[in-house]
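Every chain is numbered from 1, with letters handed out A, B, ... down the list of sequences.
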Number of protein chains: 4
Amino acid sequence: MSGTSPNNSGSSAGRPRSEQAHQAILDATLELLVEGGYSALTVEGVASRAGVGKATIYRRWASKLPLIVEAFGGLPGFEDCDTGNLSDDLKRMLGRYLEVFNTTALSAVLPSLAGERFHNDELSTLFEPVSMSRRRPLIDALERAQERGELSREIDLELAADLVVGPIAVALFFKGGRLKPEMVGPMVDLALRGLRA
Amino acid sequence: MSGTSPNNSGSSAGRPRSEQAHQAILDATLELLVEGGYSALTVEGVASRAGVGKATIYRRWASKLPLIVEAFGGLPGFEDCDTGNLSDDLKRMLGRYLEVFNTTALSAVLPSLAGERFHNDELSTLFEPVSMSRRRPLIDALERAQERGELSREIDLELAADLVVGPIAVALFFKGGRLKPEMVGPMVDLALRGLRA
Amino acid sequence: MSGTSPNNSGSSAGRPRSEQAHQAILDATLELLVEGGYSALTVEGVASRAGVGKATIYRRWASKLPLIVEAFGGLPGFEDCDTGNLSDDLKRMLGRYLEVFNTTALSAVLPSLAGERFHNDELSTLFEPVSMSRRRPLIDALERAQERGELSREIDLELAADLVVGPIAVALFFKGGRLKPEMVGPMVDLALRGLRA
Amino acid sequence: MSGTSPNNSGSSAGRPRSEQAHQAILDATLELLVEGGYSALTVEGVASRAGVGKATIYRRWASKLPLIVEAFGGLPGFEDCDTGNLSDDLKRMLGRYLEVFNTTALSAVLPSLAGERFHNDELSTLFEPVSMSRRRPLIDALERAQERGELSREIDLELAADLVVGPIAVALFFKGGRLKPEMVGPMVDLALRGLRA
DNA sequence: TCGTAAGCGAGACGGTACGTCGAGTCTTGCT
DNA sequence: AGCAAGACTCGACGTACCGTCTCGCTTACGA
């Protein structure tokens, strides 16, 4: 992923970095993110919670941001689900995702990162591939539907995926309220049928 | 706007608050937001840029956040447009908004605020009405379409609005790329027709 | 706003520095120096003992050293004493000084500063005048003795002063033992008579 | 010198300690002491300069301090000189010492150690015998003078030695200027004759 | 001749203090 | 009263060393 593998190519001298400390740091980061959100996350707090010196953190991550990105990367994304029917696929994937979202640090981490990346090229670079790979299963489901003839060949799948998850993004960023799993059904139906149906 | 009017309920002794300083502060806030984003915005920076003492800022806003929210509130939102046709209404509104978005501080401010509100109840409360009122013209256009019979009476207009702006939100937060006005046409068409069209 | 008001150049804008904080810092420095010596003195400790933020310290002193120099400057030096007789003058001055030395932070501060100045030009510059002014009363007493005819006109007073305080310096730096007031009598006698007497 | 001999009492298994590393460490210590003084000396710096691991240093010396003391112990002290005449003995010894002083690390190391020992009992204990043994030749010369009848039997030789080197100590610690060999003649003469001569 | 035991350079470990910066508050003298 | 200026306390930042602890070698000895 990034420069975090404990034994860098060929290099071997010196005591190797502790995989245990690494994980403790990531765990502590996620815990604190859940407890207080991005703005309450301090490197000192992470160090203390993980039982680790600050230097051990800064040795691995240049700053708070890449640390959060990596912690974020360990969180679950969409989980593919192939029922042979697009509507069901989407409803299950989104439903499951929302559950995960509401029970993990995801809901705390994602908006912060998304907001911050705008002003932070480094974060942007780090975040890009993580963000993209998370959408993958969604695109896959749409491709399968296209192959089955459920969807026109002309449809831009990227745009289609955006349309499907769009209402979630809007709710997330502009409405702030918790995202309820019951929203998923009508949401997917509307996206499939269109407003004018 | 909010509780910032310079002459509070009848009280009058002493020197009145300077309207000029007020505006200078708001302007400086927006400028700095554009330049460095949320995380680089400091009250000290605002004070210095506005040629104002810090106390003058804290006398009007309880903290950094309400200041940013008010500055944000001064930025343009959707501008209503009634062509008698939903597709055209939406395309024009979204197209115009994107233009505004790309030429003002909006693109810098919005994601930051949206990201931060999640961990900050105070901000959330402040942000809510501002955020809602910005969506208003969109909902209005959808209502008109419903009255004209273009849209079914059963449709949840909130959800419909989310579907329409959803792809913009996704592009904004997860793809990070600038939002191009050309995207608007296909986006609206797809939302109106639905994926299965 | 202001306009053309001729501000007193440099001196007056803003809240003035707290004389109280200043003194609290100096006091805390001396206390901690007495308790743990130079190497145990931390700026953080001083701040906490003085009930002051670190920034308040760094606003006044560029680093630990100038702070110590100033604290040192507040400690008493030789106190002039004119009995009309060189031997008595010297014995009293040295005796009194040793008392002061053994009951204040002086014994902790002086050797550290003396040792450090060798590698620290800034400190050297700061320390020079303080150090010199402390010797002054000694030189004065020697001058009076010269005027009375007790001492030859040919004698280099600087060297003479060095000879008189020399044994103290030696005891201080190389023997480390506490300096006993009883040493003063024989010391001065020997310096006046010379080894070969 | 101390407990640093590489082959400890009989035990022998394993690789013996490298005498070469030992010396490289001592040399590096002295070099760095000359360059930046006590406060700038870091064990990490010594290790790096000596091309040695930190553990190799800590295996031999319990901490920074004993290392410095041992390095200091390797520097030259007074060198005895017996001309049959006290004045000449002293002038030569002091003169030679000053030369050595000005051309070796001594001038950098001595003040730092002397200053630090005051706050550091461990250092003090370590430093004591080293410091004392360096004065030895001076005391010897004074004893010889006493035996020859040049000096009264009543004189306290310790005090006499202090008087002789006193001005050097003063110049060193309080005047900071380099010590010039020309000072030696008048200095010794004055100490021998006394101020009142 | 080989295993064992210690030493080796390198560098990560948990800590503590550094000197800096910003938040939000307070205190000057002016307007 | 409000104002610009700037000092105040507090607390996090990212860095540098301390003294300790592995790593994977290397080097001698004694079985």
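Between the C1' atom of E:dA12 and the CD atom of A:E19 lies a distance of 13 Å, rounded to the nearest Å. Summarising the geometry, the separation between CG on D:L65 and P on F:dC17 is reported as 18 Å, rounded to the nearest angstrom. Between the P atom of E:dC8 and the NE2 atom of D:H22 lies a distance of 11 Å, rounded to the nearest Å. If you measure from atom CG of C:L32 to atom C1' of E:dA17, you get 14 Å, rounded to the nearest angstrom. Between B:L67 atom CG and E:dG22 atom P the separation is 16 Å, expressed in whole Å. Between C:Q20 atom CD and F:dC8 atom P the separation is 11 Å, expressed in whole Å.
Where A:A21 and D:V52 meet DNA chain E, the nucleotide closest to each residue was compared, and D:V52 sits on the side nearer the 5' end. When each of A:Y58 and C:P16 is assigned the nucleotide of DNA chain F with its nearest heavy atom, C:P16 is the one assigned upstream, toward the 5' end. DNA chain E is contacted by both A:I57 and C:R59; A:I57 maps to the nucleotide lying nearer its 5′ end (nearest heavy atom per residue). Across the interface with DNA chain F, nearest-nucleotide mapping of A:S63 and D:S63 shows A:S63 to be the residue nearer the 5′ end.
C:R17 and C:H22 share no donor-acceptor pair across their side chains, judged by distance under 3.5 Å alone.
For DNA chain F, none of the residues of residues 40-49 of chain C falls under the heavy-atom distance limit of 4.0 Å.
When every heavy atom of B:L75 is checked against every heavy atom of B:V109, the shortest pair comes out as CD2-CG2, 4.4 Å. Nearest heavy-atom pair across D:G73 and D:V130 is CA-CG1, 4.1 Å.
Taking 4.0 Å as the cut-off between side-chain N and carboxylate O, D:R117 and D:E128 count as a salt-bridged pair. Using a 4.0 Å cut-off between a side-chain N of Lys or Arg and a carboxylate O of Asp or Glu, B:R49 and B:E44 do not qualify as a salt bridge.
In terms of phosphate contacts, B:R60 brings a side-chain nitrogen or oxygen within less than 4.0 Å of OP1 or OP2 of F:dC3. Taking only side-chain nitrogens and oxygens, A:R17 never comes nearer than 4.0 Å to OP1 or OP2 of E:dC13.
For the side-chain hydrogen bond (donor to acceptor under 3.5 Å, both in side chains) test, no residue two or more places apart in sequence or in another chain qualifies with A:T56.
A donor N or O paired with an acceptor N or O is found under 3.5 Å between the base of E:dC26 and the side-chain atoms of C:R15. Judged by distance alone, with hydrogens and angles left aside, A:K54 brings a side-chain donor or acceptor within reach of the base of F:dG14, the pair sitting under 3.5 Å.
Geometric assessment of D:K64 against the ring of D:Y58 yields a negative cation-pi assignment under the 6.0 Å and 45° thresholds.
Contact annotation for B:T56: backbone-only contact, meaning every heavy-atom pair under 4.0 Å involves sugar-phosphate atoms and none involves a base.
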